[in-house]
2 protein chains.
Amino acid sequence: MDYKFRCNCPITSALDILGDKWILVIIKQMLIEDKKTFKDFIESDESIAASILASKLKCLEELEIITKTQLPDNKKSNIYLLTEKGLALTPIIVELSIWSDENVRELNSIMRESPEIAIMKSDKNTFIQMIKDNYKTKTAIFS
Amino acid sequence: MDYKFRCNCPITSALDILGDKWILVIIKQMLIEDKKTFKDFIESDESIAASILASKLKCLEELEIITKTQLPDNKKSNIYLLTEKGLALTPIIVELSIWSDENVRELNSIMRESPEIAIMKSDKNTFIQMIKDNYKTKTAIFS
DNA sequence: TTAATTACTTTTAAATTAAAAGTAAAAATG
DNA sequence: CATTTTTACTTTTAATTTAAAAGTAATTAA
């Protein structure tokens, strides 16, 4: 895997990986919507195409942002899980939530309300830690 | 301007706007590299094509993330400036920096060191406020 | 034992991105 | 004051990416 980076800027380099329509959506689905299998992602609200999903998952696995594993009692379903590198994207997801709530809501009339947005803003660090701990607890059975 | 949003998720909706290869790069160039004119962006390290730059700037202006103004003494150069909505993206830029420093550096051998990364991590809120204040001070003469 | 499910891949079409060249107005230069 | 250069784009065409649809193969359920 030879990633081509545009220049020596750390922010631009992060966006060389994360800056597209799907990567952070997939991370979000794993982190806060419990999506784990190919089918889970295919069936979610954003309706990603199978070909794109396959290529993005491969990319994320190569970058070690996610892992792909199988359960001993099921040879059919693959389980995709966030690594520490993937979990470390939580603060970015939280900041996207906050910016969106304050600045995108007015443009998207169907946007859902997040009851947790107030606590998210008032105590960001606690909220980020909660999301991460929650994810680890829920996925512990798979590792 | 009718933006098409994929679904009712706030995070996905934010990414419907920000999730591409260029938008956040342009914001970063304005926020921390003092880029203001079409020429400034064209000449920067990321080497964006003129046609793409024009379309992204128009898009950002329509979304009221940036404004386009002229100086009374120069009818040639247009000055692009971040609005409050654009400045509110600072926390996202900072989190991208931190994630990149910790997780992308190993993949991009030419990535530049940021001496400010330590203070950025130790006191995020102060750093974010500093970047925003700094931007406002530097651009005050244009408004 | 057959049908359904899961996880893809392949094919083809549509849309986006990129590179290059071109244009027009303003400003600088001789 | 005329010419050149600069700035800010637009247009054209090519390449790449994204998307939709259909197809395949292994596994599991009926």
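A quick note: this is a predicted structure, and the numbers were derived from the prediction, not measured. Just so it is clear: chains get the letters A, B, ... in the order the sequence lines come, proteins before strands, and each one is counted from 1.
For the pair B:Lys132 and B:Glu84, the salt-bridge criterion is not met [side-chain N within less than 4.0 Å of a carboxylate O].
Applying the 6.0 Å contact sphere to NZ of B:Lys75 captures no more than 12 heavy atoms from other residues, nucleotides or ligands. More than 12 heavy atoms of other residues, nucleotides or ligands sit less than 6.0 Å from atom NZ of B:Lys121. A 6.0 Å sphere centred on NZ of A:Lys138 holds more than 12 heavy atoms belonging to other residues, nucleotides or ligands.
For B:Trp22, a side-chain nitrogen or oxygen approaches OP1 or OP2 of C:dA18 to under 4.0 Å.
A:Thr83 contributes a side-chain N or O that, together with a main-chain N or O of A:Glu64, makes up a donor-acceptor pair within less than 3.5 Å.
Nearest nucleotide to the A:Lys75 side chain, out of D:dA19, D:dT28, C:dA27: D:dT28.
One can place CG of A:Asp20 at 15 Å from C1' of C:dA15, the figure rounded to the nearest angstrom. One atom, NZ of A:Lys56, and another, C1' of D:dT18, lie 9 Å apart when rounded to the nearest Å. Spacing between atom CD1 of A:Ile26 and atom C1' of D:dT18 amounts to 13 Å, rounded to whole angstrom units. Residue A:Arg6 contributes atom CZ, which lies 13 Å from atom C1' of C:dA18 at whole-angstrom precision. Counting to the nearest Å, the P atom of C:dA26 and the CD atom of B:Gln70 are 9 Å from each other. Straight-line distance from the CD1 atom of A:Ile52 to the P atom of C:dA14: 15 Å, rounded to whole Å.
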*List the steps and the verdict of salt bridge (charged side-chain N to carboxylate O under 4.0 Å, His left out) for A:Lys124 and A:Glu95.*
CA-CA 9 Å; A:Lys124 263 182 214 178; A:Glu95 294 297 349; 2.9 Å; yes

Under-3.5 Å N/O pairs linking protein and nucleotides 6-10 of chain C:
residue, atom, partner, partner atom, Å
C:dT6, OP2, A:Lys39, NZ, 3.3
C:dT6, O3', A:Ser77, OG, 3.4
C:dA7, OP1, A:Ser77, OG, 3.4
C:dA7, OP1, A:Asn78, N, 3.1
C:dA7, OP2, A:Phe38, N, 3.4
C:dA7, OP2, A:Lys39, N, 2.7
C:dA7, O3', A:Asn78, ND2, 3.4
C:dC8, OP1, A:Lys68, NZ, 3.0
C:dC8, OP2, A:Asn78, ND2, 3.1
C:dC8, OP2, A:Tyr80, OH, 2.4

